[in-house]
Number of protein chains: 2
Amino acid sequence: MLTDSSTPSQLDILNIKSSCATCSLRELCLPVGLDEKEVQVLGDVVSHKRKIQRGSYLHRTGTEFQTLFAIRSGFMKTCVLEEDGRQQVTGFHMTGELLGLDAISTEMHTCDAIALEDSEVCEIPFAKLEEISRTIPSLMHQFHKIMSREIVRDHGVMLLLGSMKAEERLATFLLNLSRRFSIRGYSASDFNLRMTREEIGSYLGLKLETVSRAFSKLQDENIISVDNKHIQINDIERLRTKMGSSSCRS
Amino acid sequence: MLTDSSTPSQLDILNIKSSCATCSLRELCLPVGLDEKEVQVLGDVVSHKRKIQRGSYLHRTGTEFQTLFAIRSGFMKTCVLEEDGRQQVTGFHMTGELLGLDAISTEMHTCDAIALEDSEVCEIPFAKLEEISRTIPSLMHQFHKIMSREIVRDHGVMLLLGSMKAEERLATFLLNLSRRFSIRGYSASDFNLRMTREEIGSYLGLKLETVSRAFSKLQDENIISVDNKHIQINDIERLRTKMGSSSCRS
DNA sequence: CGATTACTTTGATCCAAGTCAATCAAAGGT
DNA sequence: ACCTTTGATTGACTTGGATCAAAGTAATCG
């Protein structure tokens, strides 16, 4: 379930090869299986773009929800914050992914979304999306798949947090990133992290020192090379065995 | 965020006071805000009932997905099974809650659902649900809220698994159960657990011995009384402080 | 540019929770 | 009633990761 599950889930959201007509929708997840005219209708709804500077908020916990956001370019994190300062990063998000799904339930955002590099998003007014999805069944179905995939992804993270050791968590994380970069046309074995050790730690339920040590350990074993935020995966197969040794799979 | 987050989420799914007409739908989450005729349409779709004996499967990982399940009565767990036989519980589910949402993405179930006591579920053919939700916007919207709520709930669990200590996890878990029982008209302070210590541990990312010790500790402090599976909450306020207390540096 | 701040690495300890193991209690089967 | 199985509790001990501390390195900014 996880071996490739915290792994496959988040990324399959993207469907670069979708046959959309309008350029501005090409990288989105939603238009899968739509014909040209339907893409047009969707395009009218998602037209509004927004730039988010590195370090600034796309949305904050507690603010009103009106639109979903589709990441057009860049890299973001979402995190839930407790009043005492306890913070948990709930996800890292890249091009093509949809943010704001959590906010549908209460019509308020339940997490913060922060850009980890300069990013661009499309706003998708949710009420309008629901409206047009009434007349475009495949759009509605695709949207349901996306929400479902988010649930599966979260279950994968729960499994990771509930039963994996530090090194396994990091291996899983790196393989997940690797796959997602690769799907987007970037190298699967050579990439730059956008987040700090602390943010990785928060996501993986570890302290930053533990993350750093796990990196060093994997490097000592020649499985990866680490130069600060620059990561090279030298032996992806051994990295995979790290991930699956004590838990998950199926 | 979690203080009342892994807590409120799962249960608000239920909406006992919804004004549905047909008796068979009364406890369901879906009919919120529907008029009588619409409830009728929905009723035609969800009519089929199924009994699940304690210990048996509602669905298994990898099997084909066609219908969602609404729990009509009983108590279930969902879990992913690891190759070595160990299982990670991803949730406990009671009356009114919807199962199978994870399966929409791939059209295969991604987890097992097992009855922890004799239970009854309604089958909701998903294709039909999508179909009728085209003509009943409030049904579609309610369904989206339910999926979103599941995502929020999972984020709460991630926060719990990522940053809470054993005792805090157990306190959070008990308060969540308490609230869900109370919403369904049962005592908030006196109930029987349906699951074993091991299953609780799996859900909370702890070993069963740790769960047992955490129970004993809370009992020693006179916050709860434990007699095997029978739990009494003696001081719900102090239990609440347990949940969010730990010092917690940033 | 150098100074200040933010991030990373590494080492030395400590402790919460895991592991191993014994005992007990309840439930089921014959 | 008697065994067997399953689940719960508790104790002794071990350990993985947290914590504390120090030093190094990369960004950022006036």
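Just so we're on the same page: letters track the sequence lines, and every chain starts at 1. Just so it is clear, the model here is predicted, and its values are computed rather than measured.
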Side chain to side chain, B:F92 and B:K77, heavy atoms closer than 4.5 Å: yes
Salt bridge B:K229-B:E199, side-chain N to carboxylate O under 4.0 Å: no
What is the distance from NZ of B:K217 to C1' of D:dG11, rounded to the nearest Å? 17 Å
Specify the separation, in whole Å, of atom CZ of A:R169 and atom P of D:dG17. 7 Å
Rounded to whole Å, how long is the line connecting atom CG of B:L206 with atom C1' of D:dG16? 15 Å
Under 3.5 Å: donor-acceptor pair, side chain of A:S212, backbone of A:E209: no
B:I200 CD1 to D:dG7 P, in whole Å, measures 13 Å
Hey, are A:K51 and A:E120 close enough for a salt bridge, meaning a charged N less than 4.0 Å from a carboxylate O? yes
In whole angstroms, how far is the P atom of C:dA26 from the NE2 atom of B:H230? 15 Å
Quick one: label B:G201 by what it contacts on the DNA or RNA (base, sugar-phosphate, nothing), any heavy atom closer than 4.0 Å. nothing
Which part of the nucleic acid does A:R194 contact within heavy-atom distance under 4.0 Å: base, sugar-phosphate only, or nothing? nothing
Going 5' to 3' through nucleotides 4-9 of chain C and flagging B where a protein heavy-atom sits under 4.0 Å of the base, S where only the sugar-phosphate is that close, and - otherwise, we get ---SSB
Got a salt bridge between B:R184 and B:E97, using NZ or NE/NH1/NH2 to carboxylate O under 4.0 Å? yes
Keeping the roles fixed (side chain from A:R169, backbone from A:L161), state whether a donor-acceptor pair exists under 3.5 Å. yes
Spacing of B:R54 atom CZ relative to C:dA27 atom P, expressed in whole Å: 10 Å
I need the CG-P distance between A:L170 and D:dG17, as an integer number of Å. 12 Å
For B:K165 and D:dT19, give me the distance from atom NZ to atom C1', rounded to whole Å. 10 Å
